[in-house]
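A quick write-up on the structure given underneath.
The model shown is predicted, which means the values in this text are computed figures rather than measured ones.
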Amino acid sequence: MWALGCIMYESMCLQKAFDADSLPALVNKICKSQFEPVRGPYSNGLKLLVRDLLSLETTTRPAATAALQRLARGRVAAPFRPKLRGGPARSTLYRMDISTMALEAVDSMPTKTQIRQVSLSSNHFIAVCSSGEVFTWGENGQGQLGLGDTHSDYCNKSRFSKYRNSPGRVESLREMRIQCAAAGMGFSFFCADRGTLWACGDGGMCQSGEGSKLVSPCLIDALFSSNVLEVACGDEHVVVLCEGGGIWAWGRSQPFTIKPQQIEIPNNVSVVAIRCGPDASALITVDGTLIAWGVNKHNKLNLAKRQGFFAREPKNAYEFIEKPTLVKGFPARVVDVTIGRHHTGVILETGTVHMFGRNSWGELGLGGLGPQPQPCAHFPVKGLLQKTCLHIVCGEGFSLASTAEQELFFWGSKGVRIEEVEQNKNEKWGEKRNGVSVHHLVPNPSLVLRLDSSPSSGISIGISGLVADGRTAMLLIDTVAIRDPPPTANNRTPTVSQSAQLATRAKFSSDSDPTAVATWLRREMDEATFIAHRRNSSAGDLPKPEKKAFSAKEKPRRSGSLQRQQHGHTVVGVEKKLPAVDAPPRYEELAPRSQKITKSTTCSIL
């Protein structure tokens, strides 16, 4: 069953469950069961099944019968979606108006390219394409756009002369094949596929000296000998993940220094992902644990201990966490985390969402206003328990989450200025004071967008990215053209084999059929070569070859006997009837071994 778990993991993630450069390191990972959590639009039950199959404890691994029963319960949970066979995906970037939930496409972006990542700060934006090209726009006073200057789109000397409204390609990074990027307050960082780190903007954050400006990306020499895998930025700090799990960080805010320093990780665990908020940072380890440090006001990092009556610690003792600390108590592995200015969202491998921090405007999705019921408690968002969430962002007073069903949910404050709402937070909903209404608050997750794709439209559409900073939110949507199935030759009527194949596919795609299998097996059946055979056939039902009639001149094949017709008992070609004799014994014709039929519950092979 452990080997079955490895096979299922590789099929779902397209990578090995346990992989290392040396045999001792591989054995160590297997013995400690260190593997990355399963990501992607899979059901919660399937993710939990893979986790249980790879468990170290043999008692927690399900038997074959139990595993099949768990799969059978979730067979028709998700609708069948055909495999995309069209060309490459095309991405469209939208800016969302939080007050009206309207989407506005970002102009001047390439129309025939796929955007891999979007990063934004409070004043500028970065888009990284799958081809390695980088586009930037927004505030350019420090040269953080990396376009070689600090000018705007316009030639006039207005107060907005440092702002670029249209995205521009960073030509100096065109040959670097950038894999990821991060935006901070007046600076930008880029990670190339060769493991090098590039930066532009504020010279103090870019290691070129305080007071200087880098208008074009320059190499960070301090990490030249390290293979950089990922970079993340806050308002005034930078965190870098290097090969082997090493973490480097620097910045102006506490507890960082302006020079890069390596961060000590608790228990020396291997880190696979890094995340940064405006004033805090988080690490995700290979075994799905969460490590965080930084500003913990409103307990947004969930690191404040319970305050008892005899507690000696002051109430503000945990408002700032200086060293990386393990966040405990999650019921499943952590796959993603987003840190906002006042609250934090965590996605587990089961697809559920956990929220921590301030809840003055319903941004935690608990169904009401006010703080969490208990410190360090883990309460999932009830409105999303039946959904598999893929993305979560935490803005200024609101939260957004996208699901595997291509749905977008919103909760929190809808565009009302927080300063005005704070004056009326004790009033009832719907009452007005000084022309300000508080009925714009949404304390429970509310569906604001759903993307539907049908094979008849010829286009598959889905949400591939979601980012937010402050009151700005951006949505990344990918579209793929689905190729039509190949027509039959000369548009003729389908043959018996093709008709049987279509009937078999219809059987496996029927939700009402109790023998229907899971989506992944249906896809395998669609791609498999079909060999037609007669349903419910056996060796005795095979068509018998016609018997050959011998003429009078031909010699009988069996010596000492005559070949007689079965009914007339006459010699073929002779009119005179002979007295009836005993017919030779009949030999039953058996099917050759090569034609023996083997039946299975999932496929049939001739």
Side-chain angles (χ1 to χ4, degrees), residues 106 116-129 132-154 159-192 196-224 228 230-241 248-253 256-261 274-279 281 341 467-470 472 474:
V106 177
R116 176 184 299 168
Q117 180 205 5
V118 177
S119 180
L120 72 159
S121 67
S122 59
N123 53 20
H124 76 289
F125 310 85
I126 304 175
V128 181
C129 301
E133 295 180 318
V134 179
F135 293 84
T136 58
W137 67 100
E139 178 67 32
N140 197 31
Q142 298 288 334
Q144 60 263 41
L145 301 186
L147 302 177
D149 53 43
T150 58
H151 305 303
S152 68
D153 298 329
Y154 312 100
R159 55 176 295 191
F160 301 104
S161 61
K162 303 296 183 181
Y163 196 91
R164 287 181 179 264
N165 292 312
S166 58
R169 182 187 286 108
V170 183
E171 297 294 342
S172 58
L173 297 175
R174 197 164 188 175
E175 302 298 331
M176 301 299 176
R177 296 192 60 84
I178 301 301
Q179 301 298 311
C180 64
M185 188 69 70
F187 56 92
S188 304
F189 278 80
F190 311 92
C191 179
T196 56
L197 187 64
W198 303 75
C200 60
D202 187 352
M205 297 299 300
C206 299
Q207 303 299 306
S208 64
E210 290 288 348
S212 62
K213 298 180 181 180
L214 294 178
V215 296
S216 296
C218 296
L219 183 66
I220 302 298
D221 297 331
L223 299 177
F224 182 76
V228 178
E230 189 179 2
V231 60
C233 295
D235 284 349
E236 293 185 338
H237 71 280
V238 182
V239 180
V240 175
L241 171 63
W248 294 78
W250 66 94
R252 295 192 180 98
S253 59
F256 306 103
T257 60
I258 200 62
K259 295 297 181 180
Q261 291 184 352
I274 56 177
R275 299 291 186 268
C276 283
D279 49 12
S281 305
R341 193 169 296 276
V467 292
D469 186 274
T472 303
M474 306 198 75

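With sequence neighbours excluded, the residues forming a side-chain hydrogen bond (donor to acceptor under 3.5 Å, both in side chains) with Thr196 are Trp198, listed by chain and number. The ring pair (Phe, Tyr, Trp, His ring centres under 6.0 Å) check on His124 picks up nothing, with sequence neighbours excluded. Residues satisfying the ring pair (Phe, Tyr, Trp, His ring centres under 6.0 Å) test with Phe125, not counting sequence neighbours, are Trp137. Scored by the side-chain contact (heavy atoms from CB on, under 4.5 Å) test, Ala249 finds Val239, Phe256, Ile263 as partners (sequence neighbours excluded). For Arg275, the salt bridge (Lys or Arg N to Asp or Glu O under 4.0 Å) test picks out Glu230, Asp336, with sequence neighbours left out. Every salt bridge (Lys or Arg N to Asp or Glu O under 4.0 Å) that Arg174 has, sequence neighbours left out, goes to Glu133, Glu171. Judged as a side-chain contact (heavy atoms from CB on, under 4.5 Å), and not counting sequence neighbours, the contacts of Gln179 are Arg116, Arg177, Asp193. Under the rule for a ring pair (Phe, Tyr, Trp, His ring centres under 6.0 Å), the partners of Trp250 that lie at least two apart in sequence or sit in another chain are Phe189. Annotation: side-chain contact (heavy atoms from CB on, under 4.5 Å) contacts of Ala181 (sequence neighbours excluded): Gln117, Ile126, Val128, Phe190. In this view, Thr257 and Gln261 satisfy the side-chain contact (heavy atoms from CB on, under 4.5 Å) rule, not counting sequence neighbours.
Contact check for Val106 versus Pro167: side-chain heavy atoms found under the 4.5 Å cut-off. In this structure, the side chains of Met185 and Ser121 stay at 4.5 Å or more apart for every pair of heavy atoms.
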Donor-acceptor contacts under 3.5 Å from residues 199-210 side chains, at least two apart:
unit_1 : atom_1 : unit_2 : atom_2 : d
Asp202 : OD1    : Gly204 : N      : 3.2
Asp202 : OD1    : Arg252 : NH2    : 3.3
Asp202 : OD2    : Arg252 : NH1    : 2.9
Asp202 : OD2    : Arg252 : NH2    : 2.8
Gln207 : NE2    : Ile258 : O      : 2.9
Ser208 : OG     : Gly203 : O      : 3.3
Ser208 : OG     : Ser212 : OG     : 3.0
Glu210 : OE1    : Arg252 : NH2    : 3.1

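Here the rule is salt bridge (charged side-chain N to carboxylate O under 4.0 Å, His left out) with Arg341, and of Asp235, Asp469, Asp279 only Asp235 fits it.
In this structure, the separation between CG on Leu241 and CD1 on Ile274 is 5.5 Å, given to the nearest 0.5 Å. Rounding to the nearest 0.5 angstrom, the gap separating the CG atom in Leu197 from the CD1 atom in Ile220 is 5.5 Å.
Residue pairs that meet the salt bridge (charged side-chain N to carboxylate O under 4.0 Å, His left out) test with at least one member in residues 137-147, sequence neighbours left out, do not exist here.
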